[in-house]
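Shown next, in structure tokens, is the structure this report addresses.
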Number of protein chains: 2
Amino acid sequence: MKSREKEDKLPARIPLSRERVLTCAVSIADRDGIGALTMRSLAAALEVKPMSLYYYVANKGEILDAIVDMVYAEIDVPSADGDWDDEMRRRAASVRDALGRHPWAIGLLESRTAPGPATLRHHDATLGVLRGAGFSVKAAAHAYALLDSYTYGFAMQEAALPFNGPDTAASITDPIVQLFATGQYPHLMEIATEHVLQPGYDFGDEFAIGLELILESLSRWIGRD
Amino acid sequence: MKSREKEDKLPARIPLSRERVLTCAVSIADRDGIGALTMRSLAAALEVKPMSLYYYVANKGEILDAIVDMVYAEIDVPSADGDWDDEMRRRAASVRDALGRHPWAIGLLESRTAPGPATLRHHDATLGVLRGAGFSVKAAAHAYALLDSYTYGFAMQEAALPFNGPDTAASITDPIVQLFATGQYPHLMEIATEHVLQPGYDFGDEFAIGLELILESLSRWIGRD
DNA sequence: TCGCATTTTCGTACTTTGTAAGTTAAGCTC
DNA sequence: GAGCTTAACTTACAAAGTACGAAAATGCGA
């Protein structure tokens, strides 16, 4: 009967765990941005006091490293079977999706330099596909640098856009168009009116276009070097 | 005799100004990272009390927006004379240089969404060169997205590297090689030993290779669409 | 069931940050 | 000199990370 008291009030609280701390951290960052991810907000979301978190993580930096690796874990690992270019297409799309779901991760990629296991596994598998397709060691390195630069850079630009998806541009860009209308930026004006503000426009569509160009050119590197 | 007292002690202090605040902010970020740029450290560097800064800037966010634009102002504006591809080469190199000097700016590009005048001017001129070279409005937009994604993405990867320049890798990568030596990451191991750790290796060299591939393919877009 | 050790959670407190609100101290104009 | 403007400062507070150690919960052998 002694343990009765707590069973009455506490709804059988799920115990904390490193996993729970980290997944909750990801949700907060997804919903409100990394800026909103503080030890205090995290603790509150887990219905716990701030200092309890330090039993599972050494400090906030460790949380950041860990959630970046969790994002990598969401990315499709390319397969050594299947065409190399299809695998790269699938991988690139998967990276873009993951970074779209977790845009805060883009900013962390360049500040955190402790790659986790999912990160390493991903890079290793990707290089494996390129090598298997006949790229030399050097060519594979060059190809990977190119593909990754494009993919990250595109995701970064997408994250910086104040709009998302088809047609959402117009509502936001009205004030910007006002600025362009001064005539100081004729080419931005032209692009805005004749392309970006057209119905159905979606910046995300440009991703596939650039990727195809890169993949096509890369195919000529196979067997060389 | 009233104003005497201060003439004795104060060594004719240079008055504060928005310009001085912002250039000092850039130096601090360059030297110690954006993390070290606080209103207090900035004030201290200017030999002033923190709150004095608020006479020249509304808040810290305004400083961040402004220094990003200052980085853009350092980037060569491509010229409408000259070959389009040479201009793009020059521009890309200039962007990479500027972001290399100010790596903190990369992280801000995706979080700050208030483009300054230098930023707008730069984008407008770049689009102008592409249009002048015969790219259609759409093709110019696609080309620009591709070039910029690559350039930003590459700069971002470069910034994330723990080493810089030729040959500096070895000292840092030794512990990493230990990790690879477990055999879990055979392709990373291969790339490390046969490419990255070779004498004279410089990740920065990969930039030109990818850029040439992109420019070559882009030339086929001229006149189409 | 009790006592005790281990595991888990928390309380308090200090430091650093951005900045709101109001204050002092020069100069400038009339 | 009165009053205004410009420029810098003082004080104060809320929010953040986390050091240190105590408290509570839990599990387990006797």
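Chain naming here is simple, since letters A, B, ... match the order of the sequence lines and numbering starts at 1 in each.
- The salt bridge (charged side-chain N to carboxylate O under 4.0 Å, His left out) search around Asp148(A) returns Arg91(A), not counting sequence neighbours.
- For the OP1/OP2 pair of dC10(C) and a distance below 4.0 Å, the side-chain nitrogens and oxygens of Ser52(A) include at least one atom meeting the criterion.
- Counting to the nearest Å, the C1' atom of dT6(D) and the CZ atom of Arg18(B) are 17 Å from each other.
- Applying the side-chain contact (heavy atoms from CB on, under 4.5 Å) test to Ser41(A) and every residue at least two apart in sequence or in another chain returns Ile28(A), Thr38(A).
- Within residues 62-71 of chain A, no residue has any heavy atom closer than 4.0 Å to DNA chain C.
- In this structure, Tyr55(A) places its OH atom 18 Å from P of dA22(D), rounding to the nearest Å.
- Residues passing the salt bridge (charged side-chain N to carboxylate O under 4.0 Å, His left out) test with Arg90(A) are Asp76(A), Glu87(A), sequence neighbours excluded.
- The backbone N or O of Glu194(B) sits nowhere less than 3.5 Å from a side-chain atom of Lys138(A) that would complete a donor-acceptor pair.
- Judged as a ring pair (Phe, Tyr, Trp, His ring centres under 6.0 Å), and not counting sequence neighbours, the contacts of Phe207(A) are Tyr150(A), Phe154(A).
- Every residue two or more places apart in sequence or in another chain that forms a ring pair (Phe, Tyr, Trp, His ring centres under 6.0 Å) with Tyr72(A) is listed here: His122(A), His123(A).
- Lys49(B) has its NZ atom 9 Å from the C1' atom of dT10(D), to the nearest Å.
- Sorted pairs that involve residues 26-47 of chain B and meet ring pair (Phe, Tyr, Trp, His ring centres under 6.0 Å), not counting sequence neighbours, are lacking altogether.
- Remark: Glu62(A) engages Arg18(A) in a salt bridge (charged side-chain N to carboxylate O under 4.0 Å, His left out) (not counting sequence neighbours).
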Scoring nucleotides 15-25 of chain C by protein non-hydrogen atoms under 4.0 Å (B base, S sugar-phosphate only, - none) yields --BBBBB----
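- In this structure, Leu16(B) places its CG atom 12 Å from C1' of dC9(D), rounding to the nearest Å.
- Remark: P of dC10(C) and CG of Leu46(A) are 11 Å apart, rounded to the nearest angstrom.
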